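Chain naming here is simple, since letters A, B, ... match the order of the sequence lines and numbering starts at 1 in each. For clarity, every value in this text was computed on a predicted model and none was experimentally measured.
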Amino acid sequence: MILRMSTLFLRTLREDPADAEVPSHRLLVRAGYIRRAAPGIYSWLPLGWRAYLNVERVVREEMDAAGFQEIHLPALLPREPYERTGRWTEYGDDIFRLKDRKGNDYLLGPTHEEIFTLLVKDLFSSYKDLPLSIYQIQWKYRDEPRPRAGIMRGREFSMKDSYSFDVDDAGLVASYTKHRDAYISTFNRLGLDHVIVTAMAGAMGGSLSEEFLTPTEVGEDTFVRCTSCDYAGNTEAVEVPVPEAMPYDGLPAAHVEDTPDTPTIETLVNLLNSQEKLRRDDRPWQASDTLKNLIVKLVHPTGESELLAIGVPGDREVDEKRLGAQVYPATVEATTEEDFAANPALVRGYIGPDVLGEDKAAKVRYLVDPRVVAGTRWVTGANEPGNHVVDLVAGRDFEADGTIFAAEIREGDPCPRCGSSLTIARGVEIGHIFALGRKFAEALDLKVLDENGKQVVVTMGSYGIGVSRALAAIAEKNHDDKGLIWPREISPADVHIVATGKNAEPFEVAEKLAAELDARGIRVLLDDRRAASPGEKFNDADLIGVPTIVTCGRRIVDGKVEVKDRRTSERIDLPIAEVVDHLVEVCAS
RNA sequence: CGGGGAGUGGCGCAGUUUGGCAGCGCGUCGGCUUUGGGUGCCGAAGGCCGGGGGUUCAAAUCCCCCCUCCCCGACCA
């Protein structure tokens, strides 16, 4: 089929839309691919829909090749299954809810574990039916608190979600691995570089979970990657290499020093360096010589709350995301005046290990950064206003109840795998795979008979690819200042033919070329507008981003047309008779 | 939910400080002109100035209340 600009349902914009910030959003709107219908909700125009369907097609082909079977579930779902797994409540405000005329509750599916599980339960009941992997490509709905960046993070978005069903753990691992491999080849084919980072399973429960992130400046996830090995990880999941314990023979004994008005690390370090008797001979005191102890409040799912003391080197902040991931499923709340009032052993600004620990004065569990190993020396609070203790040695003078990876990760920190330095990057999550285990099968009572005739709970995996988001990510990394530059497989057309001139001839040649290319299976976008000026057409072609642009214009008198590579801007003039073969070749490579 | 910005023809914006005929560019429609990088000229259509209330002879403009959108953060399979 030939798309004709003269009749295409398209309006390109000369100016950037006011509400678009990131390049993919800006260009997709300007080039007439999408239009905003409501916050975080977009309509797809002909070019956009074609590009979108191409992403879908690639994903579908890769899933089918891996042996997964496509099905299609409703987007509008009844409340009951979500009630049974607890997610009707857990999802909170993030879910779009509605009622039917009888007053029954429905929701627009944010994800489909429950429905897939029930469908399998409906049909299968024997271990002989497993393993099974099924998937769908469906629009999902989440009432995000803040949709942003166009289709990158919308409230309606399309997702390919697969679910695997196995009788045992070994089967689950095999299914998980198969999906992982299929994802790698899918993203490779989409031209999306990706790093695979281990993720916290979060609300999904389960044991193993990995995210596929594609690096981009506009990404909303930060991750770390190693500058020399291929390690990559979520900042919230990166583990800190634990140093060897050191001997502490010969270290000076701990001694309490008078340090008035030093409630912060900065004031403390300044004071240590400014007072003659506190100064060290070898080097000045630094924030990293201090041990900062802070108190947070954990709220457990049961509703009980508990104070927790965390000790980190004084030059580091506690990263709330990392902390949250470490204490999951408990959540972290700020401590209040009342919490301190109720526990007079905690002297704010001067909290030290002496009172910390479940069996110590403050009766607060005490977890320290893994770098606080036996033999390390610290300056830390002496539990009295204006006093700090110096040369307090871990392992000799105090013991924590355990360690916690809550301190922030910084550029240059050592790689947990190879020890060289880490760098921090931004990315967007384009895929996520979970070994769910039996959480959903148990809640919904999905069991099969095993070879001994006994009922066993099925173990599941769930695997998602953000399809519409992948399109945004592709646009994000395939554009220049003039417009989009599609990879051929995603492009709404293979060749964009532009006819210019006041005579009929270039238009006739363009028509003829379009027809011949179409007959050879090349997808053609033909700019046959007679009224539009050449500049307008060239600019539109650059904006729309079809990878190959053919101009039938002034060279037509020499029997030639111009073929331009959108990405490299390389142009060549070719005789009309040769151009079709040439283009077929270009499109095949 | 916290911080910041903004709501004015289809799109992008000025006008609000200091109240006085609602403007500009693009787009659209008609006519002529032009055809290798958004051609030029002439003419035209198109407005609840986010909503409600108030002040005033007079409100896009001042006051009060509300709504919405965008960005940063929190949140987020």
CD of A:E306: more than 12 outside heavy atoms within 6.0 angstrom?
yes

Mind checking side-chain contact (heavy atoms from CB on, under 4.5 Å) for A:P39 and listing every partner two or more places apart, or none if nothing turns up?
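Per chain and number, A:P39 pairs via side-chain contact (heavy atoms from CB on, under 4.5 Å) with A:R36, A:R155.
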
Taking only residues two or more places apart in sequence, or in another chain, which ones meet A:T85 in a side-chain contact (heavy atoms from CB on, under 4.5 Å)?
A:R87, A:E114, A:F440, A:A443, A:L444

Sequence-aligned protein contact record of nucleotides 33-44 of chain B, with B where the base is within under 4.0 Å of a protein heavy atom and S where only the sugar-phosphate is
--BBBBS-----

Can you tabulate the close N/O pairs, meaning under 3.5 Å, that link protein atoms to atoms of nucleotides 45-47 of chain B?
none

Let me know the distance between CD1 of A:I34 and C1' of B:C11, rounded to the nearest Å.
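Rounded to whole Å, this separation is 16 Å.
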
Just name whichever nucleotide pairs with B:G73, Watson-Crick or G-U, keeping both distances under 3.5 Å, else none.
B:C1

With sequence neighbours left out, write down each residue that passes salt bridge (charged side-chain N to carboxylate O under 4.0 Å, His left out) with [X], or none if nothing qualifies.
X: A:D445; answer: A:K447
X: A:E442; answer: none
X: A:E508; answer: none
X: A:R97; answer: none

Only pairs at least two apart or in different chains count here, so list each salt bridge (charged side-chain N to carboxylate O under 4.0 Å, His left out) that has a residue in residues 464-473 of chain A.
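Passing the test, one end in residues 464-473 of chain A: A:E220-A:R469.
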
Using the C1' atom on both, measure B:U55 against B:C62 and round to a whole Å.
8 Å

For atom P, what is the distance between B:G9 and B:A60, given to the nearest Å?
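Nearest-Å result for B:G9 against B:A60 at atom P: 14 Å.
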
Apply ring pair (Phe, Tyr, Trp, His ring centres under 6.0 Å) to A:H479 and list each qualifying residue two or more places apart in sequence or on a separate chain.
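None.
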
Strand-adjacent residues in residues 138-158 of chain A, judged by heavy atoms under 4.0 Å from RNA chain B:
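A:R142, A:P145, A:R146, A:P147, A:R148, A:A149, A:R153, in order of number.
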
What pairs of donor and acceptor atoms, side-chain ones from residues 496-506 of chain A against any protein atom, are under 3.5 angstrom apart with sequence neighbours left out?
none

